[in-house]
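Structure record follows, encoded as structure tokens.
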Amino acid sequence: MKYQKLHPWNVDYKRAAEIQGRLEKSIVLICAAKNFKIIAGADVSYLPTRTIREGKRSSTGTKKGKMFYASVMVFELKTMERVEAVTASGIVDFPYIPGLLSFRESPILLKAFAKIKSNPDVIILDAQGIAHPRGIGLASHIGLLLDKPTIGCAKTRLIGDYNEVGEEMGCYSPLTVQDKVVGAVLRTRKNVKPVFVSPGHKIDLKTSIGLILKSCRGCRLPEPIRQAHNLVKKTATGKE
DNA sequence: GCGACAG
DNA sequence: ATCTTGTCGC
């Protein structure tokens, strides 16, 4: 699928924050789509211990960084049957900075999304949506670039306050930032840590929660995320 | 200055 | 994210 190039990626962290501040104004939290049939999940992985150095004598100079891998998996929502799976790889040098994760992982994710043939109605990402210091986490950012509904489904908290969540599957409590609800802490399975769900783009929180619950198959994480993670990790470590 | 901090 | 052992619960 195709995506928009709204800004450059080779920027410093200060410029990255400025870009986020500008893009945040474009995020839509209204769910226009009525029927979600195709759902996709994506994830990124890499080997933290090895730094790659790739000499390019010609034009672009020397590239250094780590080899990153991304995968996108597409499912039919009704049956949760997988219809497509792709991977992509590339060198990444932007460091991990809380709040700037999208500048580290988005380029490789977009490379993977460019490969898929199907046209998902909604995309789940292992990250935050609007539950972010500048209101634009990785899921929101990707949603803008792909112009698709996206949901952030993170394993831990980045920002926001919340109360304890009921133990039963489906229980949740609102995640708030200065009295504003930016997401939900959702129990996707009994007796396991809840996940942090926040709408990314072109979707509302209620719909997001429903889709996350619907795509969970007895596991803590939704199936698209879980399987995308398994594949990308295998690819990164080169194991079977 | 101190603590917090998606992956 | 990744490095790690045993251990509790369904």
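A, B, ... follow the sequence lines: proteins, then strands. Residue 1 opens every chain.
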Less than 4.0 angstrom from a charged side-chain N to a carboxylate O is my criterion; do [X] and [Y] meet it?
| X | Y | result |
| --- | --- | --- |
| D147(A) | K202(A) | yes |
| R187(A) | E167(A) | yes |
| K117(A) | E84(A) | no |

Stepwise side chain to side chain contact (heavy atoms under 4.5 Å, CB included) check, L125(A) with L109(A): CA-CA 10 Å; L125(A) 290 140; L109(A) 277 171; 4.0 Å; yes
Contact state string [nucleotides 2-7 of chain B, B base, S sugar-phosphate only, - no protein heavy atom under 4.0 Å]: --SBBB
Heavy-atom protein contacts under 4.0 Å, nucleotides 3-10 of chain C, coded B base, S sugar-phosphate only, - none: -------S
Side-chain touch D204(A)/I30(A), heavy atoms, less than 4.5 angstrom: no
Side-chain heavy atoms of K115(A) within contact of M1(A), under 4.5 Å: no
Centroid-centroid under 6.0 Å between H141(A) and H132(A) rings: no
Pairing pattern in dot-bracket form [Watson-Crick, G-U; both distances under 3.5 Å; | = partner strand] for DNA chain C: ..........
Lys NZ or Arg CZ of R104(A) over Y46(A) ring: under 6.0 Å, within 45°: yes
From CD1 (I159(A)) to CZ (F196(A)), nearest 0.5 Å: 12.5 Å
Exam field: side chain S89(A) to backbone F68(A), donor-acceptor pair closer than 3.5 Å: no
